[in-house]
**Q** 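Okay, handing you the structure first.
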There are 2 protein chains.
Amino acid sequence: MSLKHSLLVMLAEHPASGYDLSQHFKGSVGFFWNASHQQVYQQLKALTEAGWVRFNTEAQADKPDRKIYEITDEGRQAMTQWLREPAEVNKYKDALLIKIYGGDHIEAEVLQAEIQRHQQLHQKSLAKLKAIEQEYLALNRDQQKTMHLPYLTLKYGISAEENWLQWANQCLEVINEKT
Amino acid sequence: MSLKHSLLVMLAEHPASGYDLSQHFKGSVGFFWNASHQQVYQQLKALTEAGWVRFNTEAQADKPDRKIYEITDEGRQAMTQWLREPAEVNKYKDALLIKIYGGDHIEAEVLQAEIQRHQQLHQKSLAKLKAIEQEYLALNRDQQKTMHLPYLTLKYGISAEENWLQWANQCLEVINEKT
DNA sequence: CACATCATGTAAGCCGTTACATGATTCC
DNA sequence: GGAATCATGTAACGGCTTACATGATGTG
């Protein structure tokens, strides 16, 4: 499992609350890893019990308290050890592709509409990633240097989304020709 | 969950055994959906109990018996209903990208070696997909027509793998420059 | 007035992986 | 002799999702 370790990697950058971490999954990191807030809280509990993170409660006026988590030395050690281990090759699982695969069993229009719906969502996702890229490009050189590797993951997200959109257009053309 | 429905889509093409189905996941379908043989057998059991598939035991000389599963009318109905439902957008989860994201915590050489290892695996996967494409292209027009939609999913696999490999090369260059 | 955001969690259940189990044949 | 392929499964565990729960503030 990698969620625990993903959280450690994020906490190694700077301390954060469970809420912050789950919000982070809606940003650039969200492109290649995801978790619901429930799962984040569950894993933070497990990480605390394992001694890999600890937290301080921060009282807030007008808002609920925040538990600010930080990585411990043991956590940092566990993280670097994990980082050095070989990663499993990503297993792609996409229900839309199954629906296209079996698309002859339903009306072409339904399939087209669904692909178009996904196109819109992917376009949104691409726009978000490009906006994050603009933020990166606005940084000065020294700041960029420390973000070199995260930027590579962002670039992958952008190229993957662009590739997807290009393919979806071809898809719609082929299905149109059939009608 | 989509495994049940993926199995229905495959069985809608033609009857197959649990073994056949899990082998299918190692072929072209494996690019966008995966399941271990254990899970396939578990789900076939559940599908049988739900009345969506039924099986006939086929005795074989010198080999264990095969249970040949076929889709029932109820199963076919459940499948088309599922196909018509909107699909969730694919959630990409890639441990390698987390490792690159947090790659500053480890030696550049370790990271490079890991990326290169993945490159080899992706190259293999691409070669396999291209071999399947050659089989498709060797078919006559009528045969191709019935495979139009599965071919689209195959083309996605090819372009996604090519895109990945291109990005990995850029990655290695960037990491090299840092050293 | 309802909905979104901030902020935290528990409980139940399903999905999927890992480990275990069996047994024959074929290939190196 | 050992590994791979064919062919089927069960059991246990852990990961992840869904449903439920609370409560304040700000926005349309």
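Within every chain, numbering begins at 1; the chains are lettered A, B, ... in the order of the sequence lines, protein sequences first and strands thereafter. Note that this is a predicted model, so its numbers are computed, not measured.
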**Q** Any carboxylate oxygen within less than 4.0 angstrom of a Lys/Arg side-chain nitrogen, looking at B/Glu85 and A/Lys99?
**A**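 No, B/Glu85 and A/Lys99 are not salt-bridged.
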
**Q** Flag the pair A/Arg117 and A/Glu114 as a salt bridge only when some basic side-chain nitrogen lies within less than 4.0 angstrom of an acidic carboxylate oxygen.
**A**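 Salt bridge between A/Arg117 and A/Glu114, a charged N being under 4.0 Å from a carboxylate O: yes.
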
**Q** Nearest whole angstrom, please: distance from the C1' of D/dA7 to the CZ of B/Arg66.
**A**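 Computing the B/Arg66:CZ to D/dA7:C1' distance gives 9 Å.
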
**Q** Side chains of B/Gln170 and A/Tyr156: any donor to acceptor distance under 3.5 Å?
**A**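 The answer is no; no qualifying pair exists.
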
**Q** Generate the contact string for nucleotides 11-16 of chain D. Rules: B means base contact, S means sugar-phosphate contact only, - means no protein heavy atom under 4.0 Å.
**A** B---SS

**Q** Atom NZ of A/Lys91 to atom P of C/dG16: distance rounded to whole Å?
**A**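 Whole-Å distance recorded here is 11 Å.
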
**Q** When you measure from the side-chain N and O atoms of B/Tyr19 to the phosphate of D/dT8, is any distance below 4.0 Å, counting only OP1 and OP2?
**A**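 Checking B/Tyr19 against D/dT8: no side-chain N or O falls below 4.0 Å of OP1 or OP2.
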
**Q** Tell me, do B/His5 and A/Ile98 make a side-chain contact under 4.5 Å, heavy atoms counted?
**A**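 Not in contact.
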
**Q** Using atom CG of A/Asp65 as one end and atom P of D/dA24 as the other, report the distance to the nearest whole Å.
**A**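 Distance check: A/Asp65 CG to D/dA24 P gives 14 Å.
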
**Q** Mapping B/Gln23 and B/Lys67 to their closest nucleotides on DNA chain D, which lands nearer the 5' end?
**A**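 Counting from the 5' end, the first nearest nucleotide belongs to B/Gln23.
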
**Q** Which of parallel (below 30°), tilted (30 to 60°) and perpendicular (above 60°) describes B/Phe55 and B/Tyr69?
**A**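 If you compare the ring of B/Phe55 with that of B/Tyr69, the planes turn out tilted.
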
**Q** Nearest whole Å is fine: how far is D/dT8 P from B/Asp20 CG?
**A**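 Roughly 7 Å, once rounded to whole Å.
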
**Q** With a cut-off of less than 4.0 Å, is there a side-chain N or O of B/Lys45 near OP1 or OP2 of D/dT10?
**A**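 For D/dT10, OP1/OP2 do have a side-chain N/O of B/Lys45 under 4.0 Å.
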
**Q** Are B/Phe32 and A/Tyr92 an aromatic pair by the rule of ring centers under 6.0 Å?
**A**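 Ring centres of A/Tyr92 and B/Phe32 not closer than 6.0 Å.
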
**Q** Strictly below 4.0 Å: does B/Ser17 bring a side-chain N or O up to OP1 or OP2 of D/dT8?
**A**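 Affirmative; the distance criterion is met.
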
**Q** Specify the separation, in whole Å, of atom OH of A/Tyr41 and atom P of D/dT22.
**A**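 Going from OH in A/Tyr41 over to P in D/dT22 covers 17 Å.
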
**Q** Send over the distance from B/Lys26 NZ to D/dA4 P, rounded to a whole Å.
**A**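 In whole Å, D/dA4 P and B/Lys26 NZ are 12 Å from each other.
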
**Q** Just how far, in rounded Å, is P of D/dC20 from NE2 of A/His37?
**A**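 Distance, rounded to whole Å: 14 Å.
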
**Q** Could you state the atom-to-atom distance from CD of B/Glu49 to P of D/dG9 in whole Å?
**A**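 Value for this atom pair: 12 Å.
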
**Q** Taking A/Trp164 for the side chain and B/Ala160 for the main chain, is one N or O donor matched with an acceptor at less than 3.5 Å?
**A**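 No.
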
